[in-house]
Chemist: 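I'd like to ask you about the structure that follows.
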Amino acid sequence: MKIAVCVKQIPDPASPYELDPTTYNLIRPNEQVLDDTDRYGVEVGLQIAGDTDGTVTLVSMGPSGNLNGIRQALAMGADGAILVDDEALKGSDSLTTAKILAAAIAPESFDIVIAGTESTDGYSGILPQQLAELLGVPALTYAKKIDVDGSTVRINRQTATGFDTIEAPTPVLVSVTAGVVEPRYPTFKGIMDAKKKPVDTKTAGDLGVDIQVDQRIVMVVPAPSRSGGQVIVDEGDGHEKIVAMLEQAKVI
Amino acid sequence: MAWVFIEETETGPAAVGLEILTKARELGSPTVIYFGAGSEAAFATLGDYGATEVFHLVPAEGSTGIAAATAAMADLATEHNPDVILFGQTYTDRDVAGRLSARMGKTIISNGIDVAVDGGVGVTTELFGGAQLVTTMFEGEGPHLVLLRPKSFPAEPAGGAAPTVTAVPLPDPGHAGAARVVGNFIEESQGPKLEEAAVIIAGGRGLGSAEAFGLIEQLAAPLKAATGATRAIVDAGWVPYSKQVGQTGKTVKPDVYIACGISGAMQHLVGMKDSKMIIAINKDEEAPIFGVADLGIVGDVHQVLPKLIEALENR
Ligand SMILES: Cc1cc2nc3c(=O)[nH]c(=O)nc-3n(C[C@H](O)[C@H](O)[C@H](O)COP(=O)(O)OP(=O)(O)OC[C@H]3O[C@@H](n4cnc5c(N)ncnc54)[C@H](O)[C@@H]3O)c2cc1C
Ligand SMILES: Nc1ncnc2c1ncn2[C@@H]1O[C@H](COP(=O)(O)O)[C@@H](O)[C@H]1O
């Protein structure tokens, strides 16, 4: 199977995020990391490719920076990457991103396109569905288990109360939840190999997508914050303080 | 003119749909796109909450119906040209909204907690776990697509009459519509529902093991509380997803929320920070959860919880 996995480089979530004071866009440093959410997609892709003698191509849009995040996914074992990096794409909405990814993916005729259910920094949570519609393929979303049987892909789709088992023939898009598989750690050899793997960098123009973003952030204000309460160190009587609070709230 | 997409659940129109319908009454007389088998009772409920007109979409037997419903909605929206189409930030709503956005070439704003239509359509979202509020305006022609988080508005019936219901045939979307439902599984759940409980006891990775979630259940019993969890322990397989509170789980606003061994990551906070009272137990005094807690106990859950359970059981 020929598999594409959509992955995103994001600023390290461990360091505080900063917004550009005029555009309110997230400031993206040169050094970015692979969105942790996408490690699940990469792992699923690698497992299916392993079982079907297939290949995994990463597809990504955003500022390349030093490519650290892409290399992390290549080090896990992906074969190569297509990266769309274009100054004009700064502040893109999810539809523009989906159009770009679709334009990069469509000519390659992939059997399975994999995405996360939501990214850590953008979390619009609708890009996979937009991408499926643009590609004209069915979407198997919120997968918590995936099986490939010939040309049929079957998943357990997370629901509020359990799961539905749904299936579709390839070509198909699958969005995966975190926790679906245990992502592998790159080996030393994987890290070395990643440096030599092909990263094909394109612009929006190369793909023939014209960019039009129909939403604009106009205001960011601090939210009314909760008044900070008391914090006390438990000295064997912490439970008594809690009981007193529960009495005050009239729930006991 | 506002349209509201509402999915049918086991108990009738989705709760989040009725919340959004209540809000949509402020924006003019709302039309509902109802997705599911439908019934007299369901339509009466929609009317009661203010729908004057309903377009009814029924998924074909065995199909998820998502792509077909999207195609039908795109045709309807082109014909009637609503100003806004509102969805809940839920799984099925996201599937339909995402496809519709791409099909119609319309941008979409996700994770809304409020929507306003004076001088253009604006949507409020939360950033950094709710520390900041962002206003985003649509530009260009409608319909403007918005996904709104559950519990953003109270659901209040308005005593409206039964709406006009139009059954809309679903087109065959070809390969895009090839997803079929071949089975389903519903998890057993006991006790009060997370969304409705007055008290919630939630556990995180600080519990240390799946077995220790038993402490959460033991504490919930005397308080008639529902039990909740962080994504960390759902992903670890300790508890089912239906217990997850936060950005990708449930939004809750109980009278009391007791967070046990939970760090307070922003994705967790957005789901529970509007609880009336928050109590947190965490051994790390720097844990962000203490920033929203009315009472913070710096301590070990394995010390504090057994004593608390005993104290409550002895009352
Ligand atoms: C796109 C996206 C969506 C997400 N959606 C959600 C969501 O919906 N809900 C959600 O919860 N998370 C969500 N997350 C994950 C979130 O970022 C955190 O990883 C998660 O909430 C952490 O869970 P935790 O607090 O259980 O674990 P940790 O962050 O590991 O915290 C454990 C805490 O327990 C404390 N502790 C350890 N031992 C003890 C002890 N013996 N007694 C007392 N305290 C102890 C530690 O001090 C620590 O603070 C999402 C993440 C992403 C990227
Ligand atoms: N810029 C991007 N490049 C590649 N994939 C992306 C990008 N943005 C989002 N995705 C994919 O779409 C999923 C959902 O993202 P989002 O819509 O931002 O919540 C992510 O988990 C990725 O797999």
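Note: hydrogens, waters and symmetry copies are ignored here, and every other heavy atom, side chains too, is used. In what follows, chains carry the letters A, B, and so on, assigned in the order in which the sequence lines appear, proteins first and then strands, with residues in each chain numbered from 1. Source: prediction; values computed, not measured.
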Chemist: Can you tell which part of B:I279 gets under 4.5 Å to a heavy atom of chain A, answering side chain, backbone, both or neither?
Modeler: side chain
Chemist: Tell me, for A:F163 versus chain B, whether the close heavy atoms (under 4.5 Å) come from the side chain, the backbone, both or neither.
Modeler: both
Chemist: Out of A:T177, A:D164, A:V180, A:I232, which one racks up the most heavy-atom pairs below 4.5 Å with chain B?
Modeler: A:I232
Chemist: Could you go through the side chain to side chain contact (heavy atoms under 4.5 Å, CB included) check for A:I242 and B:L295 one step at a time?
Modeler: CA-CA 8 Å; A:I242 297 176; B:L295 172 66; 4.1 Å; yes
Chemist: Go through the atoms of A:V213 and report whether side chain, backbone, both or neither lie under 4.5 Å from a heavy atom of chain B.
Modeler: backbone
Chemist: Select, from A:V233, A:V137, A:V153, A:T117, the one with the greatest count of heavy-atom pairs under 4.5 Å involving chain B.
Modeler: A:V137
Chemist: Heavy-atom distance under 4.5 Å to chain A: side chain of B:L223, backbone, both or neither?
Modeler: side chain
Chemist: Anything under 30° is parallel, anything over 60° is perpendicular, the rest tilted; go ahead and classify B:F128 against A:Y17.
Modeler: perpendicular
Chemist: So what's closer than 4.5 Å to chain A heavy atoms on B:K250: side chain, backbone, both or neither?
Modeler: side chain
Chemist: What part of B:I278 gets closer than 4.5 Å to chain A, counting heavy atoms only: side chain, backbone, both or neither?
Modeler: both
Chemist: Using non-hydrogen atoms only, which part of A:S94 is less than 4.5 Å away from chain B: side chain, backbone, both, or neither?
Modeler: side chain
Chemist: What part of A:A139 gets closer than 4.5 Å to chain B, counting heavy atoms only: side chain, backbone, both or neither?
Modeler: both
Chemist: By a 4.5 Å heavy-atom criterion (distance strictly below it), what part of B:L312 contacts chain A: side chain, backbone, both, or neither?
Modeler: side chain
Chemist: Tell me if the CD atom of B:E313 is crowded by more than 12 foreign heavy atoms within 6.0 Å.
Modeler: yes
Chemist: Tell me, for B:E126 versus chain A, whether the close heavy atoms (under 4.5 Å) come from the side chain, the backbone, both or neither.
Modeler: backbone
Chemist: With a 4.5 angstrom heavy-atom cut-off, is it the side chain or the backbone of A:L19 that approaches chain B, or both, or neither?
Modeler: side chain
Chemist: Below 4.5 Å from any heavy atom of chain A, which atoms of B:A178 appear? Answer side chain, backbone, both or neither.
Modeler: both
Chemist: Who wins among A:G179, A:P138, A:P171 for the most heavy-atom pairs under 4.5 Å with chain B?
Modeler: A:P138
Chemist: Taking side chain as everything from C-beta outward and backbone as N, CA, C, O, which of these in B:Q267 sits under 4.5 Å from a heavy atom of chain A? Side chain, backbone, both or neither.
Modeler: side chain
Chemist: In terms of heavy-atom proximity below 4.5 Å to chain B, should A:T170 be classed as side chain, backbone, both, or neither?
Modeler: backbone
Chemist: Report which part of A:P224 has an atom under 4.5 Å of a heavy atom belonging to chain B: side chain, backbone, both, or neither.
Modeler: side chain
Chemist: Looking only at side chains, do A:Q215 and B:T136 share a donor and an acceptor under 3.5 Å apart?
Modeler: no
Chemist: Please state whether the side chain, the backbone, both or neither of B:V256 comes within less than 4.5 Å of a heavy atom of chain A.
Modeler: side chain
Chemist: Is there a side chain to side chain contact (heavy atoms under 4.5 Å, CB included) between A:T165 and B:N184 once you walk through the steps?
Modeler: CA-CA 6 Å; A:T165 303; B:N184 82 338; over 6 Å; no
Chemist: Is there a side-chain contact between B:S242 and A:T161 in this structure, where contact means two heavy atoms from C-beta onward sitting under 4.5 Å apart?
Modeler: no
Chemist: Does any backbone or side-chain atom of A:S124 lie under 4.5 Å from a heavy atom of chain B? Answer side chain, backbone, both or neither.
Modeler: both
Chemist: Out of curiosity, A:E118 CD to B:Q247 CD, how far, rounded to the nearest 0.5 Å?
Modeler: 6.0 Å
Chemist: Given a strict heavy-atom distance threshold of 4.5 Å, which part of B:I281 is in contact with chain A: side chain, backbone, both, or neither?
Modeler: side chain
Chemist: When rounded to the nearest 0.5 angstrom, what is the spacing between CZ in A:R216 and CE in B:M137?
Modeler: 8.0 Å
Chemist: Indicate the atoms forming the closest heavy-atom contact of A:A223 with B:G130, along with that distance.
Modeler: CB-O, 3.0 Å
Chemist: Under 4.5 Å from any heavy atom of chain A, what part of B:T9 do you find: side chain, backbone, both or neither?
Modeler: neither
Chemist: Pick one of side chain, backbone, both or neither for B:V182, based on which atoms fall under 4.5 Å of a heavy atom in chain A.
Modeler: both
Chemist: With a 4.5 angstrom heavy-atom cut-off, which part of B:K106 approaches chain A: side chain, backbone, both or neither?
Modeler: backbone
